Amino acid sequence: MKRTIPGFFFPVAAFLLVGAILGPVLTVLATVMPGEVVHAFSLAPAADALRVSLLASSIATALASVLGVPAGYWIARFSGRLAGPLLFVLALPLAFPPVASGIMILAVVGQATPLGSWLASGGVTISDTIAGVVAAEFFVSGSFVAIASTAAFAALDPIFEDAARTLGAADWRIFARVVFPAAAGNIIAGIAFTWLRAIGEYGATSIVAYHPASLPIALYVALSASGVEPALALSYGFVALAAAVLGIQWFLRRRVVV
């Protein structure tokens with residue numbers, strides 16, 4: 001059956017929304033030349049900040065995936081009435097102002113806290129270290145994977161799991177060979193958005209670990225010191241990173257789904 005558009009408002013709304021988002025992005029791409037971006041990231045502050053952001057966001061995303069995928073499966077299948085409260089808790093960091101998130105993290109692992117003092121006595125410092133950057137990025141973005149995984153697993157018909165179980169397959173094998181491949185497309189999307197949220201995090205990171213500077217902090221420093229034009233080159237870098245990750249996510253998702 002051929003689908004008909006219910007009215008002109010729907011496509012107009014879609015194009016207006018896309019235009020509002022795409023306009024600033026295209027402006028940055030048109031304003032800054034690729035050579036300026038290469039030059040900006042060849043300088044020590046931006047290059048170092050890029051390395052910090054890539055390392056910290058990758059670690060935070062890996063931790064979120066290792067914990068979030070199995071957690072999402074358990075919440076979707078076995079948590080029962082706990083599912084609602086658990087998802088509510090997972091969504092809390094998404095509602096906090098980033099600066100408040102940073103303050104909350106410091107209240108737990110700051111050097112003046114019991115846990116922070118105990119860690120410091122063992123030579124582990126969270127504040128103003130790469131571990132602090134990871135902690136801040138994980139707190140603000142880690143729940144994306146779990147929430148996306150929960151939705152992906154909940155959308156699957158459990159009949160296939162039940163069939164595999166009646167054939168004698170172990171629970172771990174059912175998860176690895178039946179459930180996860182079926183939900184992998186949406187899980188990959190959740191992982192991609194987790195990484196993008198992590199690498200773009202400024203507020204919580206600036207409170208927990210202003211040093212070593214991550215890319216968002218380097219962007220703010222460039223803006224404060226030299227104005228908008230030099231900061232545009234670093235903004236171009238964010239556009240390129242986002243486009244690359246979303247492109248990879250789209251390719252992998254098509255391969256998984258198809």
Side-chain angles (χ1 to χ4, degrees), residues 41 44-69 71-72 86-149 190-225 231 234-235 237-239 241-242 244-246:
F41 279 95
D48 293 341
L50 178 60
R51 283 193 290 270
V52 169
S53 283
L54 290 175
L55 176 61
S57 59
S58 297
I59 294 173
T61 302
L63 290 173
S65 301
V66 170
L67 298 175
V69 174
L86 289 171
L87 288 173
F88 175 82
V89 172
L90 289 173
L92 282 177
L94 307 181
F96 295 149
V99 173
S101 296
I103 294 171
M104 293 176 192
I105 296 170
L106 281 184
V108 177
V109 297
Q111 295 186 24
T113 65
L115 178 57
S117 299
W118 178 75
L119 290 173
S121 66
V124 178
T125 304
I126 303 298
S127 302
D128 287 328
T129 65
I130 189 69
V133 181
V134 172
E137 292 182 352
F138 176 81
F139 183 79
V140 301
S141 66
S143 57
F144 274 104
V145 177
I147 293 172
S149 298
I191 292 173
F193 285 116
T194 296
W195 189 85
L196 289 172
R197 180 66 182 88
I199 201 169
E201 169 53 35
Y202 168 78
T205 306
S206 67
I207 300 297
V208 179
Y210 198 83
H211 302 286
S214 59
L215 197 54
I217 290 176
L219 175 61
Y220 177 76
V221 171
L223 177 65
S224 301
L234 299 184
S235 299
F238 274 111
V239 174
L241 285 171
V245 171
L246 291 176

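We count residues from 1, following the sequence as given. Values in this document were obtained by computation on a predicted structure and should not be read as measured data.
Put simply, the side chain of Thr113 does not reach to within 4.5 Å of the side chain of Val108, judged on heavy atoms. A heavy-atom distance below 4.5 Å is found between the side chains of Ser235 and Leu219. Leu215 is not listed as a side-chain neighbour of Val52, based on a closest heavy-atom distance of 4.5 Å or more.
Here the closest heavy-atom approach between residue Gly72 and residue Ser149 is recorded as CA-CB, 4.1 Å. When all heavy atoms of Gly102 and Ala204 are compared, the pair lying nearest together is N-CB, 3.7 Å. Considering every non-hydrogen atom in both Ser65 and Val145, the closest pair reads CA-CG1, 3.9 Å. Considering all non-hydrogen atoms of both residues, Ile105 and Ala136 come closest at CD1-CA, 3.6 Å. Of all the heavy atoms in Ala56 and Val133, the pair that sits closest is CB-CG1, 3.4 Å.
A donor-acceptor contact shorter than 3.5 Å links the side chain of Ser117 to the backbone of Gln111. When atom types are taken as modelled, the side chain of Asp128 and the backbone of Tyr210 share a donor-acceptor pair closer than 3.5 angstrom. Side chain of Thr61 to backbone of Ser58: no donor-acceptor contact under 3.5 angstrom is found. In terms of modelled atom types and a separation under 3.5 Å, the side chain of Thr194 and the main chain of Gly142 share no donor-acceptor contact. Side-chain atoms of Thr129 come within 3.5 Å of backbone N or O of Ile126 as a donor-acceptor pair.
Note that CG of Leu196 and CG of Leu241 are 8.5 Å apart. Values are rounded to the nearest 0.5 Å. To the nearest 0.5 Å, the span separating OG on Ser53 from CD1 on Ile130 amounts to 8.0 Å. In this structure, the separation between CG on Leu55 and OG on Ser214 is 11.5 Å, given to the nearest 0.5 Å. Rounding to the nearest 0.5 Å places CZ of Phe144 at 14.5 Å from CH2 of Trp195. Atoms CD1 and CD, from Ile217 and Glu201 in turn, are 9.0 Å apart once rounded to the nearest 0.5 Å. Put simply, OG on Ser57 and CZ on Arg197 are 12.5 Å apart, with the number rounded to the nearest 0.5 Å.
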**Message:** Evaluate Leu234 against Phe41 for side-chain contact (heavy atoms from CB on, under 4.5 Å), listing each step before the verdict.
**Reply:** CA-CA 8 Å; Leu234 299 184; Phe41 279 95; 3.7 Å; yes
Exercise. What's the verdict on side-chain contact (heavy atoms from CB on, under 4.5 Å) for Leu106 and Ile207, showing C-alpha distance, side-chain angles and the deciding distance?
Worked result: CA-CA 8 Å; Leu106 281 184; Ile207 300 297; 3.5 Å; yes
Subject >> Residue pair Ile147, Leu94: steps toward the side-chain contact (heavy atoms from CB on, under 4.5 Å) verdict >> reply: CA-CA 11 Å; Ile147 293 172; Leu94 307 181; 4.0 Å; yes
Quick one: do Val208 and Phe139 satisfy side-chain contact (heavy atoms from CB on, under 4.5 Å)? Show the steps, please. CA-CA 11 Å; Val208 179; Phe139 183 79; over 6 Å; no
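Between Tyr220 and Tyr202, the ring-plane angle classifies as tilted under the 30° and 60° cut-offs.
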